[in-house]
Amino acid sequence: MLLSLRPDADDAQLAALRALADEGGFELRFLDERRRVAELVGARGPHLRSRLEDLKVVREILDPGQARELHERNGRPDTVVRIGDAVLGGGHASLIAGPCAVESRDRLLEIAHAAHRAGATVLRGGAFKPRTSPHSFQGLGAEGLLLLEEAREATGLAILTEVLDPRDVELVGRSADAFQIGARSMANAALLREVGLAGKPVLLKRGLAATVREFCLAAEYVLDAGNDQVILCERGVRGFDRVTRNLLDLGAVAHLKGATHLPVIVDPSHAAGRADLVPALARAGLAAGADGLIIEAHPRPDEARSDAPQAVSLDDLAQIAADARAILALDGRILAAPRRELVGKGV
Ligand code: PEP
Ligand code: MN
């Protein structure tokens with residue numbers, strides 16, 4: 001590992017560096033007379049980088065060498081994450097769709113059947129909603145989880161739903177096939193550790209104003225807990241222009257595909273905040289290399305109890321799925337299809 005050191009470092013700061021090297025059993029060598037570049041020989045393992053960055057003497061890690069963090073690509077093939085019939089990574093992409101919030105049994109089943117018909121493999125609906133205002137609709141809670149289970153029974157779609165509180169991980173995990181960690185929770189270390197221990201895939205959304213590094217380190221918490229089933233979700237970051245709700249960072253999507261081994265998906269709904277822009281951003285996300293999409297859809301978008309302006313109609317959802325298949329085919333990738341045929345009512 002190569003380190004750039006501060007030119008004004010004093011003896012105490014250098015001693016702190018030496019103590020950390022000794023603690024890890026590494027040899028510390030200075031590569032120039034002025035002690036501005038150092039090498040830690042024998043340094044391995046993901047834990048060292050953050051510890052070194054906390055030292056005053058370290059200006060920058062020039063090359064982590066063998067001490068790569070767990071999310072880093074480092075020559076690894078894609079990690080492939082499966083949630084029911086959904087496959088993400090390794091040339092496979094998946095469509096995740098559903099309402100922002102679980103609102104009622106009939107409405108959820110109607111959306112689930114339409115999502116299945118469109119070719120989605122995962123139904124996403126919020127039972128516990130992270131609303132900006134405590135006065136807004138907070139979701140149906142435990143009752144919403146039971147409705148999601150019923151929708152899975154009816155369609156065969158896997159269930160993805162958000163968990164907001166570390167104390168609810170067990171409850172949500174009894175119903176969900178995968179956990180969503182929302183943008184507002186991205187930096188909740190206790191929650192990240194808890195879902196890391198729960199042994200189910202985790203869809204991690206980028207924080208509202210999180211850097212790519214902060215996003216990766218949030219994923220690192222889950223990986224460090226022993227769970228490598230992490231999907232990164234770019235959902236737009238705060239921009240300066242209110243014409244869209246957020247600014248979809250497609251550069252980050254392309255970057256993360258190369259820099260990490262984890263699947264990356266795009267959420268055009270929360271990025272745009274406007275249903276009319278969702279199809280274009282969905283196509284752009286896949287063209288940038290995303291391994292899937294998460295789309296908010298509703299049979300009567302005007303009546304949605306949360307995020308109504310961005311909910312696409314069920315017909316638009318089917319068109320987004322058709323576009324996705326076409327774009328993925330351009331670079332030899334495929335959209336995972338639901339295996340179960342729908343029979344009877346609702347088809
Ligand atoms: C959501 O998925 O409905 C949601 C609240 O998204 P985000 O956490 O990205 O704001
Ligand atoms: Mn939403």
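Every number for a ligand or one of its atoms is a count from 1 in the order of the listing.
Here's the thing with Asp307: none of its N/O atoms is less than 3.5 angstrom from an N/O atom of ligand 1. Ligand 1 has an N or O atom lying under 3.5 Å from an N or O atom of Ala183, backbone or side chain. Any N or O atom pair closer than 3.5 Å counts here, and Gln180 shares at least one such pair with ligand 1.
Counting only N and O atoms by type, the side chains of Gln310 and Arg274 include no donor and acceptor under 3.5 Å apart. Side-chain contact check for Arg131 and Gln138: no donor-acceptor pair (N or O, by modelled atom type) lies under 3.5 Å. Between His270 and Asp307, the side chains place a donor N or O and an acceptor N or O closer than 3.5 Å (distance only, hydrogens not considered). Side-chain contact check for Arg73 and Thr260: no donor-acceptor pair (N or O, by modelled atom type) lies under 3.5 Å.
The atoms of ligand 1 that sit less than 4.0 Å from any heavy atom of Gly182 are 8 (O). Interface atoms of ligand 1 facing Cys100, defined by a heavy-atom separation under 4.0 Å, are 3 (O).
Listed by chain and residue number, the protein N/O/S atoms under 2.8 Å of the Mn ion (ligand 2) are Cys100 SG, His270 NE2, Glu296 OE2, Asp307 OD2, with waters left out.
The side-chain tip of Arg35 points at the ring of Phe30 from less than 6.0 angstrom away and within 45° of straight on.
Hydrophobic clustering of Ile, Leu, Val, Met, Phe, Trp and Tyr side chains at less than 4.5 Å, counting indirect connections, keeps Leu223 apart from Val81. Leu232 and Leu248 end up in the same hydrophobic cluster when Ile, Leu, Val, Met, Phe, Trp and Tyr side chains are linked at under 4.5 Å.
At distances below 3.5 Å, not a single donor-acceptor pair connects side-chain atoms of Ser185 with backbone N or O atoms of Asn188.
Using a 4.0 Å cut-off between heavy atoms, Ala101 makes no contact with ligand 1 at all.
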Please tabulate, one pair per line, all N/O donor-acceptor pairs under 3.5 Å involving side-chain atoms of residues 281-294, not counting sequence neighbours.
unit_1, atom_1, unit_2, atom_2, d
Arg283, NH1, Asp323, OD2, 3.3
Asp291, OD1, Lys257, NZ, 3.3
Asp291, OD2, Lys257, NZ, 2.9
Asp291, OD2, Val264, N, 2.9

Using residues 205-216 as the side-chain source, report each donor-acceptor pair under 3.5 Å to any protein atom, sequence neighbours left out, with the distance given to one decimal.
unit_1, atom_1, unit_2, atom_2, d
Lys205, NZ, Asp267, OD2, 2.7
Arg206, NE, Ala210, O, 2.9
Arg206, NH1, Glu234, OE1, 2.9
Arg206, NH1, Asp249, OD2, 2.9
Arg206, NH2, Ala210, O, 3.0
Thr211, OG1, Glu214, N, 3.0
Thr211, OG1, Glu214, OE1, 3.4
Arg213, NH1, Glu69, OE1, 2.8
Arg213, NH2, Glu69, OE1, 3.4
Arg213, NH2, Glu69, OE2, 3.1
Glu214, OE1, Thr211, N, 2.8

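Residues meeting the salt bridge (charged side-chain N to carboxylate O under 4.0 Å, His left out) test with Arg152, sequence neighbours left out: Asp177.
Of all protein heavy atoms, the one lying nearest to atom 4 (C) of ligand 1 is His270 NE2, 3.3 Å. Protein heavy atom closest to atom 2 (O) of ligand 1, with residue, atom name and distance, is Arg124 NH1, 2.6 Å. Looking only at heavy atoms of the protein, atom 6 (O) of ligand 1 is closest to Lys205 NZ, 2.9 Å. What sits closest to atom 9 (O) of ligand 1 on the protein, heavy atoms only, is Arg235 NE, 2.7 Å. Closest protein heavy atom to atom 3 (O) of ligand 1: Lys129 NZ, 2.8 Å.
Between Arg305 and Glu103, the shortest heavy-atom distance links the atoms N-OE2, 2.6 Å.
Residue contacts with ligand 1 include Pro130, since one of its heavy atoms falls under 4.0 Å from the ligand. For the ligand labelled ligand 1, residue Arg131 lies outside the 4.0 Å heavy-atom shell.
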